[in-house]
Amino acid sequence: MPLSTKILIGLGAGTATGLLAKLGGFDWLEAALAFLEPLGTAFIRLITMVVIPLVVASLLVGTASLGDLRKLGRMGGKTIGYYLVTTALAVTMGIAVANAVRPGARIDPDTRDRLAAEARLRVGEAPAIAQPSVKDMLLDVIPRNPLKAAADFELLPLIFFTVVFGAAVSLLQPERKRAVVTFFQGVNDASVTIIGWVMQLAPYAVFVLLAAVVARFGLDLLRSLLIYAATVALGLALHGLGTLALLVRLAARLNPVTFYRRIAEAPLVAFSTSSSSATLPVTMETAERRLGLPRSVSSFVLPLGATINMDGTALYQAVATMFIAQIYGVPLDLGAQLTIVLTATLASIGAAGVPSAGIITLVIVLNAVGLGAQVGPGIALILGVDRILDMLRTAVNVTGDLSCAAFVSRSEGSPAPA
C-alpha cells in the first residue's frame with residue numbers, strides 16, 4: 001500500500017476533515033482536487049482500456065489449452081458452484097447483521113427527508129430502467145453480436161462466446177489450434193505489458209481517488225447515515241475476513257494470513273476504482289505472480305468471477321433492503337427474507353463489474369419483497385453514501401474471486417503456494 005494512502009486512511013475522515021479545516025477551509029482543497037482528479041480518472045480508463053482484450057485473450061487461451069472439454073465442464077461447475085455458495089452466504093450474513101443492528105430504526109427522520117429530497121432530483125432525471133425477466137436475463141447471456149457485446153462492455157455475453165469459441169478451438173487440428181492460441185497468447189502478453197506501464201501510476205492515482213471521496217462526503221453526510229454505512233461495512237468485514245478466510249483454509253488449504261498478505265494489492269485497486277472489471281488485470285497478475293496459480297485456472301476463473309461473483313454487492317443489497325424496509329415500517333417476515341437471499345444472489349450475477357452497478361439490481365430485490373412503492377425514495381436515501389460502500393463491497397468481490405481461483409487450483413491438483 002502506498003505511503004500516501006496509508007497516511008490518508010490512518011487519519012480517517014474526521015481527523016482529516018478537522019485538519020484541513022484548520023488549514024484554511026476547503027476552497028484550496030477543492031481547487032487542488034479538481035486539478036488532480038483527471039489523474040485518477042485517467043488511471044481508471046487506462047486499466048479499463050485493457051479489460052476487453054485481456055478477457056478475450058486470456059479466457060480463450062485458457063479454455064483452448066484445457067484440451068479436454070470434460071475438464072472445462074468440471075472447472076466451470078466448481079467455479080459457478082463456489083460463487084453461488086459464497087454469494088448466498090454473503091446475503092445471509094447481511095440479513096443477520098441488519099436484523100441485529102436494525103439501522104433503519106435509528107436514522108433521524110429529518111436527515112432522511114433532506115437526503116431523499118436532494119437525491120430524488122437526480123433519480124427523477126435518470127432514464128427509466130426496464131427490469132428484465134429471468135428468462136430475458138438468461139437469453140441475454142447469448143450475444144447476437146460478440147463484437148457489439150465487447151463494444152458495449154457487456155462481459156457476460158462476451159465471456160459466453162469466448163468460452164464456446166475456445167472450446168471449439170481446443171478440438172481443431174494441432175497446427176491450426178497452435179496458430180490461434182499463439183495469436184491470442186501474444187495479445188494477452190501485450191495486455192499484461194500495458195498493465196505494467198499503467199500500474200506505475202497506481203500510488204498517485206489511488207491517493208487522488210481516495211482524497212476525492214473523503215472531501216466529497218465529509219463528516220456531515222457520513223454522520224447522517226453512519227449506522228447504515230457501519231452495518232454494511234460490518235457485514236462486509238465479517239464476510240470478507242471471516243467467511244472467505246474460513247473457505248480459504250478449508251477449501252483451498254491455504255493459510256488465510258498468507259493469502260490476504262499476498263493479494264493485498266488487488267483489493268486496494270478494487271477499493272479505489274469500485275470496479276471488478278477494471279481491477280481484473282491486477283487480479284489476474286496477483287493470482288499468477290503472488291499466489292502462483294496456473295494461468296489455465298486464473299484465466300478462466302477470474303474473468304468469470306469479475307462478471308458473476310458479486311458477493312459483496314449481494315450483501316450490500318440485503319442490508320439496503322432491510323434498511324429501507326425498517327425506515328418505512330414495512331415488516332419482512334422469514335419468507336420475505338428468504339426471498340431476499342434468492343433474489344439478491346441471482347440479481348448480483350447480472351450486475352456489471354462497474355461502479356454503482358448494485359444500485360440498478362437493487363431495484364429487482366426491492367420489488368421482489370413488495371417494496372416497489374419505496375424504490376424511488378429508498379434508493380434516493382442511500383445514494384448519499386453509496387460511493388464509499390461501493391468501494392468496500394468491490395474489494396470484497398475481488399477477494400472472493402481470488403479465493404475461488406485458489407480453491408479451483410487446489411481441487412484441480414495444482415500445488416499450493418509456498
Side-chain angles (χ1 to χ4, degrees), residues 82-104 225-248 260 266-267 270-271 274-276 279 305-327 332 334 336-366 368-369 371 378-379 381-383 385-404:
Y82 184 95
Y83 286 150
L84 288 175
V85 168
T86 55
T87 301
L89 290 174
V91 177
T92 304
M93 176 70 74
I95 291 176
V97 172
N99 278 323
V101 179
R102 294 189 59 79
L225 295 173
L226 176 62
I227 299 177
Y228 161 71
T231 303
V232 176
L234 174 62
L236 291 172
L238 290 174
H239 179 71
L241 300 176
T243 305
L244 293 181
L246 186 61
L247 290 173
V248 165
Y260 285 113
F271 179 78
S274 299
S275 171
S276 299
T279 310
T307 304
I308 70 171
N309 181 46
M310 301 289 171
D311 44 355
T313 301
L315 186 150
Y316 145 79
Q317 290 174 343
V319 176
T321 301
M322 297 292 291
F323 172 69
I324 292 171
Q326 290 166 6
I327 280 181
L332 296 179
L334 179 60
Q337 294 184 26
L338 291 176
T339 301
I340 294 176
V341 174
L342 176 61
T343 311
T345 300
L346 295 177
S348 67
I349 293 175
V354 297
S356 298
I359 285 289
I360 298 174
T361 52
L362 177 60
V363 175
I364 300 175
V365 182
L366 291 172
V369 293
L371 291 173
I379 290 181
L381 176 62
I382 63 175
L383 275 178
V385 293
D386 182 68
R387 176 62 177 174
I388 189 68
L389 296 180
D390 195 13
M391 298 165 78
L392 291 171
R393 63 185 184 251
T394 305
V396 173
N397 291 343
V398 169
T399 302
D401 294 345
L402 287 165
S403 72
C404 180

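It should be emphasised that the depicted structure is a prediction, and the values quoted were computed from it without experimental measurement.
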Open item on the list: Could you check whether any side-chain heavy atom of Leu315 comes within less than 4.5 Å of a side-chain heavy atom of Arg393, counting everything from C-beta outward?
Closed with: no

Task: Exercise: identify the closest heavy-atom pair between Leu402 and Ala266 - done: CD1-CB, 4.0 Å

Task: Heavy-atom check, side chain of Thr87 versus side chain of Met310, under 4.5 Å - done: no

Sequence neighbours left out, cut at 3.5 Å: what donor-acceptor pairs do the side chains of residues 230-238 make with other protein atoms?
unit_1	atom_1	unit_2	atom_2	d
Thr231	OG1	Ile227	O	2.7

Open item on the list: Show the nearest heavy-atom pair for residues Ser276 and Ala306, with the distance to one decimal.
Closed with: CB-O, 3.9 Å

Open item on the list: Any non-hydrogen side-chain atom of Thr86 less than 4.5 Å from a side-chain atom of Thr243?
Closed with: no

TODO: Show the numbers, then the answer: is there a side chain to side chain contact (heavy atoms under 4.5 Å, CB included) between Asp311 and Tyr83?
DONE: CA-CA 8 Å; Asp311 44 355; Tyr83 286 150; over 6 Å; no

Task: Which atom of Ala314 lies closest to which atom of Val91, heavy atoms considered - done: CB-CG2, 3.5 Å

Open item on the list: Is there a side-chain contact between Tyr228 and Val101 in this structure, where contact means two heavy atoms from C-beta onward sitting under 4.5 Å apart?
Closed with: no

Open item on the list: What I'd like to find out is whether the side chain of Phe271 reaches to under 4.5 Å of the side chain of Leu392, using heavy atoms alone.
Closed with: yes

Task: Heavy-atom pair of closest approach, residues Ala344 and Gln317 - done: O-OE1, 3.7 Å

Open item on the list: Side chains of Ser403 and Leu247, heavy atoms from C-beta outward: is any pair under 4.5 Å?
Closed with: no

Task: Closest heavy-atom pair and its distance - Val341, Ala88 - done: CG1-O, 4.4 Å

Task: Least distance between heavy atoms, Ser274 atom then Met391 atom - done: OG-CG, 3.0 Å

TODO: Using side chain to side chain donor-acceptor pair (under 3.5 Å) as the criterion, list what pairs up with Thr279, not counting sequence neighbours.
DONE: Thr273

- [ ] Go through Leu332 and Ile95 one step at a time and tell me if the side chain to side chain contact (heavy atoms under 4.5 Å, CB included) criterion holds.
- [x] CA-CA 11 Å; Leu332 296 179; Ile95 291 176; over 6 Å; no

Open item on the list: Before you tell me yes or no, could you show the steps for Leu241 and Tyr260 under side chain to side chain contact (heavy atoms under 4.5 Å, CB included), namely the whole-Å CA-CA distance, both residues' side-chain angles and the distance that decides it to 0.1 Å?
Closed with: CA-CA 9 Å; Leu241 300 176; Tyr260 285 113; 4.2 Å; yes

